[in-house]
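I have placed the structure first, in the form of structure tokens, so that the comments after it can refer back to it.
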Amino acid sequence: NRYTSWPENMNNRTSVPYTDVALIFSRSTRDWSVKNMADYPKEIMGTGQFLSERNVQHTFLLDDALTAGFDMSRFRALLAPGMDCISTEQEELLTRFVFNGGTLFLTGEAGTLDPYGEPRANRAFHQILTDDKLLEAARTDFVTTPHGKGRIVYASKKHAINEYAASIRDTRMVYTFSPDPTITSINEKILTDVIGEPLFRPISIPAKVFVTAYKDVETGAKMVHLLNATGITAKYGDALPTPNPTWKTVEEEITFHISLPSLSKAYYATPDSEGHKAVNWKKTCENGFTITVPKGTLEKYGIVYLQP
């Protein structure tokens, strides 16, 4: 089709997510934490869905990667909600990540079990996340405890389950997503604190316009993908799938800030039409630019190319 065969499409062999935020998916917790087997997938995927809904760029790491020589220093924040099963080696590596300046986010019974679901003699990070801090967390939304140049942020409750939209196969083809706005506001507060200033920050992006940012490791170009889903109107209780949406051009500016050392050329390309469209850009800090996609540019899907 015209999307997958589009000549100006991103090179997916040389491109990686442009983010310094990652979620750690713990296969050990999914497989061996008896208490958490049902809730863990909802919490970790709910966290990812919450971030995606707000165009917060992130990627996923498997827990195996932590002990397989993976370079965690490329990330500024690691989110491990509900990660009950943590090995001693994983604890040591994550503690070093925090000491060197990273932020680690944990929830619930994180670190109380070993990789096979057996209780640990000491909870992971117990010298940083002390009993006093755990008691404090039970009385508030979250606590922060410093270690070296970094910090651990901990929430005793698994708030992100609220943000999990179940597969329609599990809801008998009915749209049932209805998050509690009070809990959503708590998640806003916690994750804004955890993530801080990201490499990509939305300034003005219409609801249901979804963004993913990538970097080509060979050329240095950054690619910001824009998907127009404003025609999706499913409501609670609707039978799925709904009729095909009506595609309408986005008649609002799309503006975002992106961290870049330099920028020489910026343009918008789409498989929906030939040629390039102009985007506006302005250097707003030493290593950052504000990019504005003019209203009427985005129809269905396109890429903002940012050349160094």
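In this chain, residues are counted from 1 in sequence order. Note that these values count all heavy atoms, side chains included, but never hydrogens, waters or copies made by symmetry.
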Check your understanding: Could you walk me through whether S52 and H58 pass the side chain to side chain contact (heavy atoms under 4.5 Å, CB included) check?
Key -> CA-CA 8 Å; S52 295; H58 61 283; 3.3 Å; yes

Exercise for review: Taking the side chain as every heavy atom from C-beta outward, state whether I254 and P206 have any atom pair closer than 4.5 Å.
Suggested key: yes

Check your understanding: For D84 and S26, what are the C-alpha separation, side-chain angles and deciding distance, and is it a side chain to side chain donor-acceptor pair (under 3.5 Å)?
Key -> CA-CA 8 Å; D84 293 359; S26 172; over 6 Å; no

Point to revise | Heavy-atom donor-acceptor pair, R151 side chain to F105 backbone, under 3.5 Å | key: no

Revision key, fill the gap. In short, A137 meets S156 closest at the heavy-atom pair O-OG, 3.3 Å

Practice item. Find out if a path of hydrophobic residues (ILVMFWY) with successive side-chain heavy-atom gaps under 4.5 Å connects L62 to V21. Key: yes

**Study point:** Sidechain-backbone polar pair: D141 side chain, A155 backbone, donor-acceptor under 3.5 Å
**Key:** no

Point to revise | Ion pair R27/D64, N-O distance below 4.0 Å | key: yes

Practice item. Taking R120 for its side chain and N122 for its backbone only, find out whether a donor-acceptor pair lies under 3.5 Å. Key: yes

Exercise for review: Specify the closest pair of heavy atoms between T212 and Q57, including all atoms of both residues, with the distance to one decimal.
Suggested key: CA-OE1, 3.1 Å

Check your understanding: Do side-chain atoms of S185 reach the backbone of T182 as a donor and acceptor pair under 3.5 angstrom?
Key -> yes

Point to revise | Q90 versus M83, closest heavy-atom pair with distance | key: OE1-CE, 4.1 Å

Practice item. Decide side chain to side chain donor-acceptor pair (under 3.5 Å) for S73 and D71; before the verdict, give the C-alpha distance in whole Å, the side-chain angles of both, and the deciding distance to 0.1 Å. Key: CA-CA 5 Å; S73 67; D71 180 16; 2.5 Å; yes

Exercise for review: Identify whether the distance between the nearest side-chain nitrogen and carboxylate oxygen of D216 and K222 falls below 4.0 Å.
Suggested key: no

Practice item. Look at E109 together with R123 and state whether they make a salt bridge at an N to O cut-off of under 4.0 Å. Key: no

Review point. Going through the checks in order, is the ring pair (Phe, Tyr, Trp, His ring centres under 6.0 Å) test met by F25 and Y40?
Key: CA-CA 9 Å; F25 185 91; Y40 177 68; 5.6 Å; yes

Review point. When rounded to the nearest 0.5 angstrom, what is the spacing between CD1 in I258 and OG1 in T284?
Key: 11.0 Å

**Study point:** Salt bridge D238-K235, side-chain N to carboxylate O under 4.0 Å
**Key:** yes

Check your understanding: Under the side chain to side chain contact (heavy atoms under 4.5 Å, CB included) criterion, do Y214 and V16 qualify, and how do the steps go?
Key -> CA-CA 5 Å; Y214 285 82; V16 297; 5.6 Å; no

Check your understanding: Does the salt bridge (charged side-chain N to carboxylate O under 4.0 Å, His left out) test come out yes or no for R76 and E197, once each step is laid out?
Key -> CA-CA 10 Å; R76 188 175 43 80; E197 183 65 22; over 6 Å; no

Check your understanding: Donor-acceptor pair, Y18 side chain versus S259 backbone, under 3.5 Å?
Key -> yes

Study note, to complete from the structure: On a heavy-atom basis, the closest approach of A213 and F200 is CB-CD1, 4.4 Å

Exercise for review: Return the minimal non-hydrogen interatomic distance between T184 and P179, and the atom names on each side.
Suggested key: OG1-CB, 3.9 Å

Review point. When you measure from the side chain of D272 to the backbone N and O of G302, does any donor-acceptor pair fall under 3.5 Å?
Key: no

Practice item. Is it possible for you to say whether L61 and I44 belong to one hydrophobic cluster, with membership spreading through side-chain heavy-atom contacts below 4.5 Å? Key: no

Exercise for review: Measure the CZ-CD1 distance between F210 and I205 for me, rounded to the nearest 0.5 Å.
Suggested key: 11.0 Å

Practice item. Determine whether L226 and V293 make a side-chain contact, defined as any pair of heavy atoms from C-beta on separated by less than 4.5 Å. Key: yes

Check your understanding: Would you call R96 and E92 a salt bridge, taking side-chain N to carboxylate O under 4.0 Å as the test?
Key -> no

Check your understanding: Is it true that a side-chain atom of H147 and a backbone atom of T145 form a donor plus acceptor pair closer than 3.5 Å?
Key -> no

Exercise for review: Using atom types as modelled and distance alone, determine if a side-chain donor or acceptor of N228 lies under 3.5 Å from a backbone N or O of V209.
Suggested key: no

Practice item. Using modelled atom types only, decide if a donor and an acceptor are shared between the side chain of T14 and the backbone of E218 within a distance under 3.5 Å. Key: no

Check your understanding: Taking all non-hydrogen atoms of both residues, which atom of K133 and which atom of L129 are closest, and how far apart?
Key -> CB-CD1, 4.2 Å

**Study point:** Shared hydrophobic cluster for I161 and M45 (ILVMFWY, side-chain gaps under 4.5 Å)
**Key:** no

Check your understanding: Side chain of T270, backbone of Y301: donor and acceptor closer than 3.5 Å?
Key -> yes

Check your understanding: Could you give the distance from CD (E251) to OG1 (T297), rounded to the nearest 0.5 Å?
Key -> 9.0 Å

Practice item. Look at the rings of Y305 and Y267 and say which category their plane angle falls in: under 30° parallel, 30 to 60° tilted, over 60° perpendicular. Key: parallel

Review point. What distance do S273 atom OG and Y268 atom OH have between them, rounded to the nearest 0.5 Å?
Key: 7.0 Å

Review point. About how many Å separate NZ of K158 and CG of N162, when rounded to the nearest 0.5 Å?
Key: 14.5 Å

**Study point:** M223 reachable from I291 in the ILVMFWY side-chain graph, under 4.5 Å edges
**Key:** no

Check your understanding: Under 30°, 30 to 60°, or over 60°: which ring-plane class applies to F75 and F70, parallel, tilted or perpendicular?
Key -> parallel

Check your understanding: Between atom OH of Y175 and atom OH of Y236, what is the distance when rounded to the nearest 0.5 Å?
Key -> 11.0 Å

Review point. Is the closest basic N to carboxylate O distance between K208 and E53 below 4.0 Å?
Key: no

**Study point:** Residues E43, K157: salt bridge by 4.0 Å N-O rule
**Key:** no

Practice item. Check whether any side-chain heavy atom of L306 sits under 4.5 Å from a side-chain heavy atom of V224, and report yes or no. Key: yes

**Study point:** Stepwise side chain to side chain contact (heavy atoms under 4.5 Å, CB included) test for L113 and W32
**Key:** CA-CA 9 Å; L113 305 177; W32 297 105; over 6 Å; no

Practice item. Treat each ILVMFWY residue as a node, draw an edge where side-chain heavy atoms are under 4.5 Å apart, and state whether F142 and F50 are in one component. Key: yes

